[in-house]
Structures are given as structure tokens and as C-alpha cells.
Amino acid sequence: MDAQAVAFAIVAVVALVSGVGVVTTRNVAHAALFLLVSLASVAGVFILLVAEFLALVQVLIYGGAVTIVLLFALMLTRAEEFSNVRSNPQWAVAAVAALGVFGAMGAVILNDRLDTQELRGPSLQELGGELFTNWVVPFEIASLVLLMALIGAIILARASDSDEPGSGG
Amino acid sequence: MTPDVRFELLWPEFLVAGLAFLVFTLDFFVRPARKEVLAWVSAAGLAVIIAFTVPFLLNEHDSLFDGLYRVDSYALFFKVLSMGIGIAVILGSLHFVDRRLTHPGEYYAIIIVSVLAMMMMAASGELLTAYLSLELLSFCLYILSGFALQDRRSNEASVKYVLLGAFSSGLLLYGIVLLYGALGTTHFAGMAAALEGTGGVDGRLLVGLALVVAGLGFKLAAVPFHMWAPDVYQGAPMPITAYIAVGSKAAAFALALRLFYEALAPAYDEWQLLIAGMAALTMIFGNVVAIVQTNVKRMLAYSSVGQVGFLLMGIAALSPLASNALMVHLVGYSVTNFAVFFAITAFYNATGKDDIPDFAGLAGRAPFLAAAITVGLFSLAGLPFLAGFVTKFYLFSAAAAEGLLWLAGVAMVASLISLYYYLQLIRQMYIERAPEDEGGSVTVATPGVLAAVIGAMALGTVLLGVYPEPVLATIREATAALLDTGSAWPTLGSAGQ
Amino acid sequence: MMELAWLIPSLPAIAFAFMVTLGKRLPNWSAIAATGSIAVSFALFFFVFADWLGAKSFPHPENYTFVYSIDWLRAGDAILTWGMWIDPISLTMLGLVTAAALGIQVYSWSYMAHEPRFTWFFAVHSLFAASMLALVMADNLLLLYIAWELVGICSYLLIGFFYDRRSAAEAAKKAFITTRVGDVGLLIGILLLFVETGTFELSTIFAALAAGDLSEGIVTGAAVLMLLGAIGKSAQFPFHVWLPDAMEGPTPVSALVHSATMVVAGVYLVARIFPFFEASDTASLVLLSLGAVTAMGAAAMALVMTDIKRVLAYSTLTDLAFMMLALGAGSVTAGMFHLLLHGFAKATLFLGAGSVSHGSDKTDIRDMGGLRRVMPWTALAFGIGALSLGGLPPFGGFFSKDEVTLAVFLIEEPYRWIFLTVALTVGFMKALYMGRLFFSVFLGRLKPENEHAHEAGPAMLAPMLVFTTLGAVGGLLAFNWTDGYQGFGYFVFAGDHQEAFHPNWWIAAASAALAVAGFGITWLAYVTGSLRTDSIIAKVRPVHTLVANKFYVDEVYQWGIDQVMLRAGNAVAWVDRAFVNDIGVNGPGIVTEKSGTKLRLLQSGKIYNYALGMVLGFLAVAVAWWWAL
Amino acid sequence: MELYHVELLSAALFALGVYGVLARRNAIMILMAVELMLNAVTINAVAYAAFLDPGRLVGQVITVFVITVAAAEVGLAMAIILRLYRVRATANVDEADTMRG
């Protein structure tokens, strides 16, 4: 087993264990922290797959932005109940279904092995060049997506409960 | 920089985006009492863009960025349809917004952005672009469905929509990535070539396909991925319900049609039965559950789930005829549904009620609305001389021509069932008497603009039923474009129509 | 002008749309729109007819048919067209329907003047006219079927016009369900032909038939199946039960829909697809037998009914059966001729009956008598109509009845004697019941309580008298007048067998004698009183009871529905009472609704349940594929 | 480290995410589970790019866009959930089930 494999094993285990934490802990804040750990280990996987830039993006955006947004929201709502959220009544069925999903995919993955080539990643320059030439249309769409999220968040979250006329529907 | 990309072909998209920003900006300068100016600007802007786009792109046929983005008559058809839908929704919601919503500027601008998203969904020739356009559309709809800020139901609708939407986009993305892994590309043309090359079909591809079907099925509201639809339809503000039912569905089908026809046609044998089964399940389920509904919006939600089943026939049959049929059914379905939904909106605007018994005696209180609803419902049920008959005739023939006779049979049964619950509403309007109390005998007034939109849609329903040929001619062009860029047609029997 | 014939049904359809949408706002305009549109259609008919006369190339009968069609939609090989089929048969119907609809609408202006749902009446009336006109001009079977169903729906709405009267609602439902049973046969027949020929076009289907592309079984099967639709619509045995009940509708409706036009749609259909009956002896024999059975039964029932409209209803049944006899005997000429003259005479009679009940508030003929004193014009019109339909020369009905009898006589089969006997007997009975009706209502002693009865106004009298005249002199159409018109047989005919009117004097004399005898007997019984009807009835008490109870056919059906259908329905599901009342006996509907109630439980309102549904859906697909691989 | 190892990791994370969506009742926790699913997607995309794609690029491009959209989605969804909390004083999705059937 080479060093790369050992490293992968470690980050994979961390990612999975923290992932289990995300979906099983009863405390929302803990779940957010588990998610942060899991995301960080995914960044580790990216590094092992020669995608350093993506690893950086992963840490900055997910670790930085997403988790912070989640925690902010938790603080805004100040819900005492958030420290003890039970799973819903169908969790056992959910577990079976999720196992089914994993089983289906695992079977496929192990059954049809793909012929791989040498592990290699593009340079940052290549990625940037590609993004702004061939993928410029999706890039623009993505910027619109962000804008919509921004505007939507402002409309929906900012309005306070008293300054509006009667309800609609 | 790729030098040979003709960026000027993207003018319509830029113009629509520009219009959205214009409305966002104008919103700051328009006094609150005069916000309806924004609606007129939006609608007129879209109309001008249609007038510009049609001659501008009429004979263009290009595929930008190696087929990532298509400019062809198929895309043009859906561009015009999307903008038309946008205009109808904007004008149809004028009074609703006036009376029941805040933030009108954002409301109209977001609709324009979603129109842009629909246009791009039909033009995408690549999975990731398609996904991003779809997500843009979804974001707009998440916001719009929660736009009635103080209404618990509107909020509940948007919570359900956004969480399930995020979940479904997770499924869809995983599917896209699996397809990418199995085929090595996300471009439709490349996928088709790879599929033809491999001969056998490996498991990764099938699981990916199943996930893509699940993700798209969510957008289309096909059983069993439809469950969000009734709740969101019921909770969302009324014109937005119409918009989700019509616009989002049309765009999702535009995308699905291109995906299945251009990229996945070589694997036809693998997915035909799946889609056909889903179609049968969807039309039966939607129409059966619609029977027991008491809320009009909910009944129409299930009815439109049922309609999705009919539309899916057009994909399952995979032939030029089926593609024509799907598109013409989409047009007929859009026009018809708008007629019904806006008539119900007008009723709701005036009374604030939307349960089926509330419509008792409407024929006496608002004969115009009652007639429009009746025409629309009869068309949805597929009665002759109305759009629904023509389009269903087309769809059923297409399915039968491709050997899916059983599916056509199921569809006929489903149509019969639908007539039953449509008649319940019609019976309320024409046979039952209006309740004496609570002003039940007061005439329901419909503002001029809304009446014009309803009238135009009802007229369109009749025209399409009587003389569909002009629309069909356009649609044949669109299908030709689809086939032109498409790949091999493995099991096709019939020639292009 | 012929290519503009599509305007004829379109105008009433537009009037209908106008009334439904704006009728409440502009109540005074609705009757004007309805009558105006049908008046223009009526005028258009003459232009179309004149154009046809100019365009047809006499004497080449194969050039008598003009078809105009445009593509409605084409899906692959299947093409639907909007098409008009203009030939003598459809022209006859166009003239009859527009004339009858116009006259009866004018009549309704004052007859329905005090009805609160005046606008609705005219709206449905217009829709009926539009769909009936579309039906007679359709050049393809699908269009014909659609119009056929629309006509049925209008009939349903019009019978149930007084929907708050329970009997009217029941009658409407009965008519709808009974005719629907026949319509299913028609639809299957049409689909059978579509499967065999790949088209709905009449011309293509006839060409295939002429070329011998259809096997004998298919021809007979299609003919009999479509005949099912025809006998449903034309109320022939065993589907005749709905028509007498349909008299619950307003009288103008009975006149237009349930005697002059809609019920003859079945006859028209048989005439339209007549090549099939020409090609299949079996189908013709079925047609003949049904006609004979219905004619005998209905004539017997007409003799014992006491409600004025019911007598007329059974007489309609008899005459429809007469037309079927003619068609079964192979004479489209005689069938259509009788259809035309019956239409005029029966419109007269119904309008007269309406005028009687309007003026005297009575419907039972035993309560009437001597009404000629208070309503002389009605008496005159009704009398001529009755004598005509009773087959007394020289009125129109005599000639048409004679042509039918002659056609039956000319059947080249040994069994013609049976049918000839039936035709002559029924001819005699027609004179009997018409004499009984007319004499007991208008002649004899005026009862004191009827002295206040009054004559109808001019708006009601004028159409009545017009129809009277048409019915009285219409018989002259049978004769050879000019080179261009050598009798009805040179105008309406089957295939290319144009036939001049060659009366058989023996037949004519026999049927005239029987008619005179019939009227004579009733004169003795109901005017002079020298013949005691009571004693006759007493002698044949069991028979009378049987006939007066309409041969118990309704009871048999009711038993069938109660014992079989309802029990089955009960077994399938717990029959929801309101449901049955609202929609009718509808077993599958209940099952559907039950499953709807079950299935909606899946829709729990909880996000995670929905997500689970999606995942299970995905897994089902994956597993199915796994299996298939 | 082979491709299928990475694929298995991705599938496992995806299944965990699916479980989270199906088994949680708090809206924020459901959202976190969705993030796990999206991470599974990106892992797979990057792995395919690195191991299979001759150009090595498309998978990474996918990942860039997925991360962008995921961030936007969280922002928007949190706003909607905050509104849910204001309207109903809860973030549990099964307490927002007035519409059903």
C-alpha cells in the first residue's frame, strides 16, 4: 500500500464517519460541525485526485460560506429544540432505502470496472481557460443563479411580519 | 477564445436578461401606487423581443461551443413559446399582484429571468448547461411560490418545493455524473455517438439514466416523483400555480425531448418501456386521485399530473410523429390550462375562495368565466373541436403507430376518468344554485386585462381545435431540427411528418 | 356557393357561443341571435341548393355528389378532414332541418316567452341545429360521430329542460343512456371500418366497398353495428323506450328534436351508408325485421295512449319504422321521401298539440273534444296533418306511405308478402289512431270546462300553417314535372338507380281504401258515437292491457337494471347514494373514486415521505433493469 | 487508490445523504444531507475527470458549477426556512403539512 492509498483511506474514513455524524446526531449545531469536517475531508480527496484548485474552492466556499450560513441561520432562529431533534418515524425504512441505493450503486461499480488511465489533473490555467471559453454560457447562467438566490433571500428573509398588508395565497 | 462562435445568435437571451435588469432597476424609480407600469413594461418588452427574435433566428441553424448551445428551429419554437407564456402570466397576474402581493418589481423581473431559463433549457445541447438552466428556473419558482409572504400555505409550498427540489437536483446531478463517467462526455451528440459505439450498455449508464429520469421526473411531476406538485400548486400564489403548471412543465419537456431524442435515442430499447410505464402510471394516478379532490387548485394539480402522463407518451413513442404530438400537446395544454387557471384566478381575486363547492352557480354570477372554465376543462378532457381533442388524437396515434397500443388504451381510459371530475366542477357552475348567504348571488367582476387574457386563451383553445395546421407546420420544422442534429433512429418505422 | 355550405352549421354554433357567454348580459338578443342565425342558414340552403342544381350534370347520377374537405389534422397515415358531403340526401336533410328549426324557433318565441330559462332554451336549440346540420353534411364517419354525440347531448339537455321536475330529469337520463348503448355499437362499427380501411372518409370507404376490399363478414358486421346506433337514435325496437318519455321536454323540442329531425338521424345514417346494406342481405333483413316489429308494436300502442303527445310519439315511432322498412326494402327514395313528408306533417301535429295544451291546459285527449270551436286554425292545421299522416289521399302522407308500401312489394324475395301485410296493416292502423286523435280532440261536443280555451297567437300559428301547407302539397314532389326533375326518385336514389314514380294502382287503391276505412271507423266511434269503443276494448281486455302497458318492455328493462346492474354495482362497491343520483348507474366510477380515496393517503403532506417515494421509484427502475439485464 | 475505491466512497456518501433526507425532520438537517449528496457528486466528477476523461476537464468544470449552485441553494433555502420559522415557529418539516391528500 503506497502513501497515496493510505492517505485516501484516512480521508475516506473521516469523510464517512463525519457523514454518519451529520445524519445521525440530534444536535443541529453538531451536525453542522460534522458537515464541515466531512467537507474538509472531501477537499482532501480532491487533492489526492490532483484537483488542488477545487480543494481550495471546497474549503473556501463550503467550509467558509455554506457552513457559516447554516450556523447563522441557527443563531437567528434561537430554537431550544435544535439541540435535540429526533429522526422522523420512517427512519428505519429510510435506512433500508439508503442501503438499497448504496447496494445498487456498489453492485454496478464493482461489476463494471472502467478502464482507467494514468491519474492526472489539468493545470489551473487549463481549467480557467476552458471555463471562460467553451463553458462561458453555463458560467453566465451560474452567475444568474447566484443573483436569483441573492434576490430571493433578500425578499423572503428580510420582510418583517408587521409591515405587510393582509395575507394572500 | 474560440474565434468562430457567433455570439450574435445569443441576442434574444441577452435581451431578455437585459429586460429583467431593466425591470429590477425601474422598480426603484416607480412610485408604489403605479407599480403596474412594471407589468406593462415586462409584457411589452417580451412582446418586442418575440417580434425581434422570430425574423432574426428564423433560418439560423447553428450549434455553439461544439454543440453545447443550440440555435435551431426547435429552440426557436420553445423560445417563442416561453416568452408567450411569460407574457400571459405577467398580464394574468396584474390584478392578483395588485391586491395580494408585495414587491411587484421583483415579481415581474423574476418571471422574466425564469423565461430566460426556459429558453435556455430548450436550447441546451449539453447536460451541465441544461442542469444549470433548470436550476435557474427552479430558483425563480422557489421564490415565486413563496411570494405571498404572510400566507402560511405559500411558505409551506416553497419549503416543500425547495427541499425536495434540492434533493431531486442531487439525484439528477449524480445521474449526470454517472452518464459522464460511462460515456465520457456530457454533450448530447457525443453521448449518442458513444452509445452507438459501445454496443452493450453497462450498469453505470443505466443507474445514471434512472437517476436522470428521477431528477427530470421531479421537474415534470411524473409519478412517483410528482408528490410535491399538488402541495406546491395549492400553496403557491394563483398565477404562479398556473406558471408552474404550464411554463415549468413545457421547459422540462423541451429539455427531456431533446435529451431523449438526441442523446439517448440509441439506447431506446433500454428506456422505452420504462418511460411508457411511467406514462401509464402517471396518467392513471393523476386522474384517479383528482376525482376525490375538493380544492380546485389541487384538482387541477392532479389533472396536470395526469396530463404529464399523456405527454410522456410522446417521449416513449420516439418518432418524428411523437415529437410533433408532444409539442402540439404542450401548446394546446398551455393555452387551455391558462384559460382555466386565469378564470379561476379571476374568481379568487373577487371572492378569495378556491374550493369546488364555492363555484356553485358561477354560470349565473359570471357567465364568461364559467364558459371559459368549461371550454378549458372540456379541452383538457379531449372533447372534439377543442385543442385537447386534436392534440390527444395526435399523441394516441403516435403511440399506436409505434406499437404502444396498450398505452393508447390506458390513455383513453384516463381521459374518460378525467371527464368525470371535470364534469363535477362544470356541474357546480351550471346546475347547482349559488349559495344565498355570503354574497353568493353577487356578480363576479373580471377586470378588463384579465378578461382579455382569459378570452384570448379560450379562443386559442377553440382555434387550435378547429384549425391546428399553422401551429403544426411550425412544429414540424422544430422536429426536423431535432432530427437533424439527432443521432441514429434505431427502431423508427414512420417517416418524418 | 356550395363550398360555403359550412356556414350553415357554423352560424347557429356561433349563436350558441354568443348566448352562452353573453346571454345573461343581453337577454333580449338571445332569441334574435338564435332565430336570425338559423334564418340565414335557411336562406343559405337555397343558394347551396341552386348551386348544386347548376353544378350537377343531369342525367349522370354519379356526378350528383360533391365533396369539399380541408385537412383538419394529419398524424402519420391517419388523416382527419373537415369535410362536407353534398348530395341529394344531405340536401334533403339540410332543407328539412333548417326549415323545421326556423319555424319552430319562431313558434317558441311566444310558446316559451314566460320561461325563466328562455336564453338557455334558445342556446341549446341553436347548438342542436348546428350539430344536426353538421351531422347531415359530414363527409367522414368521425365527424359524423362527433356531431351524433353532440346531438344526443342537446337532446338530453332539452328533454331535461324542466330539470326540477323529477320525471323530466328521469326521462332525460333514460334517453341519454338508452341511445348511448346504441352509440357504442356505432362507434365500434366506425372503428372496425377504420381498422379495415385506415380512414374515416366516406368516399374512400365506399370505394373500398365497391372494389370488394372488404370481406362479407366485415360488411355485415359494420352495417349491423352502425345500425345499432341508428336504431338507438331513431328509437326502434328494442331501444324505443326513451322516445315516449322524451315528451317531458317542452313541446317545441318534441316537434323539432323528437319527431322532425333528430330521431330521423338514424334513418339518415342508414341512407348515408346505404351501400353497406345493398351489399349485405343479412343486414337488410335485420333492418326490415326491426322495422316491422317496431311498426306493429308502436302502432298498437299509439291506438291506446291517451296523452296527446304520447300518441304522437308512438306515431313517430311507427313512421320511423316505416322509413326503416323502406330502406330495408332497398329504396332510399321511399325512405327519404317519407322522412321529408313525415317531418312536415309531424311538425304540424306537434305544434298543434302544443297550441292545444297551451290554450286549454290539458294534455289528456279524454278531457278534450270539440276544440275546433275555440281554436279553428289549429283544428284546420292539425286536421290536415292528421289526415296526411293517416295516409288519406290526396295529402302528402298518402304518397310517401304508398311509395314505402310499393318498395316493400317490390322486394324480390318470397318473404315480401309478410312485410307487405305488415305495411298495409300498419297503414290501416295509422289511419285509425290519427282519426281517433283528431276526432276526439277537435270534433264532437265541447266540454264546458274547455270553453275558456283560446286560439294561439300569430307567431305560433304562422309556422304551423306553413308546415301544414308543405305537408299537404308535398306529395306532388313524387311526380315527374320537368325534364330536370322527373320525380323524387330522380333526385334521391341509391347508387345510380334513378327511378321514376310508377305507381302500382292495386297497391295504391288498397292502401287508400284502408285509410278511408280507418278514418271511417274512427268517425263512427268518436264523432257519431255509433260504434262503442268500450265494448271492443272489453272484448280484447288482456290484449288491451298488454298494449296499454307498452308490452311491459320498460318493466323488463327496469327489472334488468335493478336485478343485474344494480346488484353488480353493489357487489363492486358500496354504492354511494348521492353518486348514483348524480351521475347515473356508473359502477366503474365508484371503483375509481374509491381508489382515489385510497391513493390520496400516499400524499401525506410530509417532505420526507415524498422523498422516500422518489427513492423507491428510482430503486424500482434500477431493480427492473437489473432483472432485465 | 483505484477509481472504484473513489466511486465507492462517493456512493457511500450519496447513500448517507439520501438517508439523511429521508430520515430527518428538521429542514436545516435535510439541507445538510443534501449537501452530502452534492459532495458525493463532486467526488465522482473529479474522479472521472482524473481517471477517464482524456481532456481531464469536464468533471472539474462540473464540480465548479455544482459547488456554486450548492452555495446559492443553501442561501435561498435558508431564507425560506427562516420564513417557515417566522410563520410557524418551527423548522420541522412534518409540522408544515397542512396541505395533503
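So that the names make sense, note that chain A is the first sequence line, chain B the second, and so on, each numbered from 1.
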Student: Taking all non-hydrogen atoms of both residues into account, name the closest pair between C:Gly617 and B:Pro224 and its distance.
Tutor: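 Nearest heavy atoms, C:Gly617 then B:Pro224: CA-CG, 3.6 Å.
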Student: Given that the side chain runs from C-beta out, which part of B:Val462 has a heavy atom under 4.5 Å from chain C: side chain, backbone, both or neither?
Tutor: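 Contact with chain C involves no heavy atom of B:Val462 at all.
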Student: Does the pair C:Leu143 and B:Phe385 meet the rule for a side chain to side chain contact (heavy atoms under 4.5 Å, CB included), with working shown?
Tutor: CA-CA 10 Å; C:Leu143 199 55; B:Phe385 307 126; 4.1 Å; yes
Student: Indicate yes or no for a side-chain donor-acceptor contact from C:Trp625 to the backbone of B:Leu274 under 3.5 Å, with no hydrogens or angles considered.
Tutor: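 Looks like no, no N/O pair under 3.5 Å.
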Student: Under 4.5 Å heavy-atom distance to chain C, tell me which part of B:Phe225 shows up: side chain, backbone, both or neither.
Tutor: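 B:Phe225 touches chain C through backbone and side-chain heavy atoms alike.
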Student: Take a 6.0 Å sphere around CG of B:Leu273 and say whether it holds more than 12 heavy atoms from other residues, nucleotides or ligands.
Tutor: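 Count not over threshold, so no.
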Student: Give the member of B:Val159, B:Leu211, B:Leu369 that has the highest number of heavy-atom pairs under 4.5 Å with chain C.
Tutor: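 Greatest number of close heavy-atom pairs with chain C: B:Leu211.
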Student: Tell me, for B:Val213 versus chain C, whether the close heavy atoms (under 4.5 Å) come from the side chain, the backbone, both or neither.
Tutor: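 Contact with chain C is absent: no heavy atom of B:Val213 under 4.5 Å.
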Student: Please report the interatomic distance CG(C:Leu142) to CZ(B:Phe393), rounded to the nearest 0.5 Å.
Tutor: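 C:Leu142 CG to B:Phe393 CZ: 7.0 Å, rounded to 0.5 Å.
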Student: Could you check whether atom OH of C:Tyr68 has more than 12 heavy atoms from other residues, nucleotides or ligands sitting under 6.0 Å from it?
Tutor: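 Yes, OH of C:Tyr68 has more than 12 neighbouring heavy atoms, counting only those of other groups under 6.0 Å.
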Student: Which atoms form the tightest heavy-atom contact between C:Gly605 and B:Asp231, and what is the distance?
Tutor: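 Nearest heavy atoms, C:Gly605 then B:Asp231: CA-OD2, 3.7 Å.
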Student: Check B:Met227 against C:Asn609 and note the closest heavy-atom contact, atom names and distance.
Tutor: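 Closest heavy-atom pair between B:Met227 and C:Asn609: SD-O, 4.4 Å.
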Student: Where does B:Ser168 contact chain C at under 4.5 Å (heavy atoms): side chain, backbone, both or neither?
Tutor: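 For B:Ser168, backbone and side chain are both near chain C.
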Student: Considering non-hydrogen atoms only, spot the tightest contact between C:Tyr610 and B:Trp228 and give its length.
Tutor: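 That closest heavy-atom pairing would be CD1-N, 4.0 Å.
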Student: How about OH on C:Tyr156, more than 12 heavy atoms from neighbouring residues, nucleotides or ligands closer than 6.0 Å, or not?
Tutor: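 12 or below, so no.
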Student: Give the minimum heavy-atom separation between C:Val621 and B:Ala210, together with the two atoms involved.
Tutor: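 Heavy atoms only, the tightest pair is CG1-CB, 3.7 Å.
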Student: Out of C:Ala620, C:Ala622, C:Ala611, return the one with the most heavy atom pairs under 4.5 angstrom to chain B.
Tutor: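 Top count of heavy-atom pairs under 4.5 Å with chain B: C:Ala611.
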Student: At a heavy-atom separation under 4.5 Å, does C:Leu150 approach chain B through its side chain, its backbone, both, or neither?
Tutor: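 The answer is the side chain of C:Leu150.
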Student: Can you tell which part of B:Leu171 gets under 4.5 Å to a heavy atom of chain C, answering side chain, backbone, both or neither?
Tutor: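 Looking at B:Leu171, just its side chain touches chain C.
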Student: Side chain, backbone, both or neither: which part of B:Tyr421 has a heavy atom under 4.5 Å from chain C?
Tutor: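 B:Tyr421 has no heavy atom closer than 4.5 Å to chain C.
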Student: Counting C-beta onward and ignoring hydrogens, is there a side-chain heavy-atom pair between B:Val207 and C:Phe618 closer than 4.5 Å?
Tutor: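 In contact.
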